[in-house]
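Since the structure comes first, as structure tokens, the remarks are kept for the end.
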Protein chains: 2
Amino acid sequence: MVRKPTSKETARKPNMREAILAAAEELFATNGFNAVSVRDIAQAAGANPGSVTYHFKTKDGLLLEIYRRHCGPMNLRRSELLAAARRVRDLQDRLEAVVRAYVVPAFTSGSDLAGGGARFTRLRAVMSAEGNEVARKIIAQTFDDTSHAFIDAIHESLPHIPRTDIVWRSHFLLGALYYSLVTPDRVSRLSRGEADGGDAASAIEQLVQATVASFQAPPLDHAAPARRRPVVSSKA
Amino acid sequence: MVRKPTSKETARKPNMREAILAAAEELFATNGFNAVSVRDIAQAAGANPGSVTYHFKTKDGLLLEIYRRHCGPMNLRRSELLAAARRVRDLQDRLEAVVRAYVVPAFTSGSDLAGGGARFTRLRAVMSAEGNEVARKIIAQTFDDTSHAFIDAIHESLPHIPRTDIVWRSHFLLGALYYSLVTPDRVSRLSRGEADGGDAASAIEQLVQATVASFQAPPLDHAAPARRRPVVSSKA
DNA sequence: TGATGTTTTGTACGATAGTACAAATCCCAT
DNA sequence: ATGGGATTTGTACTATCGTACAAAACATCA
């Protein structure tokens, strides 16, 4: 009954619905789910609280729609980049390409929606931290496939590393990624202004290089920890 | 029946106060600050809602007290371990010791309080994600000194890496650390049961090794990205 | 024991939460 | 222009929030 594409393809007035989604996304990503009221969202969107109920029925429904809106495009983008990365010949280069395929869509727009994917990724980080039920369900059934695909791709590039280690390290990657989006100011602060934590390009490059190196670390499955070989040459 | 621990001194009945603190810590760390009501805390502690007000005045005051309770011991522990790590002769070993000195107290008890430091660290992760004001203030003025000390120590072991890169990578470390405590189940799930994300010893070992490798990655300050040399031998 | 200060209990209050719903408004095909 | 569905508005209801506060219960010491 909501469907009414009679003449002009889409809804004639997508403004309000979109504005509410954008406002909610921003507020949730910044303050968490529970700290933001429906009235806050409506006010930020220049809408009436009743409009939120009308379009999304409940507050949970609003969050759900935000996820639905982003998950598809973002995972699609990742799939494309991953497929391209898999075709890289050199194993070393391929590893970096795979990691980049995972990281880049999280920072840049996973879709054509304004604001880019960084906001949505920050939202995911916050929902994850809050243990939000709605988010947890969607995440597990939407992102686990993608995660497995990436883990497999990384494992291909590093066959001698146990899959378990790769899982841990890719988990660290996601944590680092989330945290970089949650508190970018901390980077600026600790670097005494020499780095800008909010600069996506820097964050991506730093994250990719650090992560590639972490994946390349020797496995630690063995009971007796093998003597690690020097990874950085002393040529300075 | 009960020995007398003291005559006057401090609280004669620390039970309730402690129970409230412990319950709040657990609930906040699991569900976030705003999702937990004072009544939830009181019920979990077997106390009356009024007791919370009596002991901590406000909900913010309760959170503040949780931080006060842990920050001191945890930073002390880190200082001790860092001082010991600094005395390690071999640069390679020292780097690992420094990273370990940062990671270990976050997982194991930062004090003698029941439950260990992991719960408090998880709490910090969640508060950070929610942008909690009370937490933000304490964090900046309590942990930044420690963070700088660790960054300096790492920089000592890796003089050829720009400080900016070290800041980024230690930021990633903290993010990975937080995320490991927030959603350990994801590790278990993605590894298909082969790894236990909740096992602190595994998490520490994996995190330390991955992080050490990431710190050792070549710097990327240069405009023209230098061709990275193979880090993993091709003997496999 | 009885007085005294501390802690716990019970309850109440104002504010705000999510949501429901009727009335008002808007847009487009007729 | 106009009728009718889609949207927006305004408002109200109930639940729960954080907090305050008086009374009850308790522990300690003269």
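Order of the sequence lines fixes the chain letters, A, B, ..., with proteins taken first and strands second; residue numbering starts at 1 for each chain.
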## Note on the structure
Going 5' to 3' through nucleotides 17-22 of chain D and flagging B where a protein heavy-atom sits under 4.0 Å of the base, S where only the sugar-phosphate is that close, and - otherwise, we get BBBS--
Output yes when at least one side-chain N/O atom of [X] is less than 4.0 Å from OP1 or OP2 of [N], else no.
| X | N | value |
| --- | --- | --- |
| B:N48 | C:dT8 | no |
| A:Y54 | D:dT7 | yes |
| A:H55 | D:dT8 | yes |

### Query
Does the cation-pi check pass for A:R186 over B:F143, that is, NZ or CZ under 6.0 Å from the six-membered ring centre and within 45° of its axis?
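Not flagged: A:R186 not positioned over aromatic ring of B:F143.
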In whole Å, I'd like the distance from the [atom1] atom of [X] to the [atom2] atom of [N].
| X | N | atom1 | atom2 | result |
| --- | --- | --- | --- | --- |
| B:Q43 | C:dG10 | CD | C1' | 16 Å |
| B:N15 | D:dC26 | CG | C1' | 13 Å |
| B:M16 | D:dC26 | CE | P | 13 Å |
| A:L63 | C:dT19 | CG | C1' | 17 Å |
| A:I41 | C:dT19 | CD1 | P | 10 Å |
| B:E18 | C:dT7 | CD | P | 13 Å |
| A:F28 | C:dG18 | CZ | C1' | 12 Å |

### Message
Do A:F56 and A:L63 have side chains that approach each other closer than 4.5 Å (heavy atoms only, starting at C-beta)?
### Response
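No, every pair of side-chain atoms sits at 4.5 Å or beyond.
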### Task
Would you check if A:Y67 and A:I139 make a side-chain contact, meaning some heavy-atom pair closer than 4.5 Å?
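The answer is yes; the side chains approach within 4.5 Å.
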### Task
Evaluate side chain to side chain contact (heavy atoms under 4.5 Å, CB included) for B:N34 paired with A:F33, printing each intermediate quantity in order.
CA-CA 9 Å; B:N34 296 286; A:F33 184 77; over 6 Å; no
### Task
Determine whether more than 12 heavy atoms belonging to other residues, nucleotides or ligands lie under 6.0 Å from atom CD of A:Q43.
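No, the 6.0 Å shell around CD holds no more than 12 heavy atoms from other groups.
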### Query
Residues in ring pair (Phe, Tyr, Trp, His ring centres under 6.0 Å) with A:F150, at least two apart?
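Applying ring pair (Phe, Tyr, Trp, His ring centres under 6.0 Å) to A:F150 gives A:Y102.
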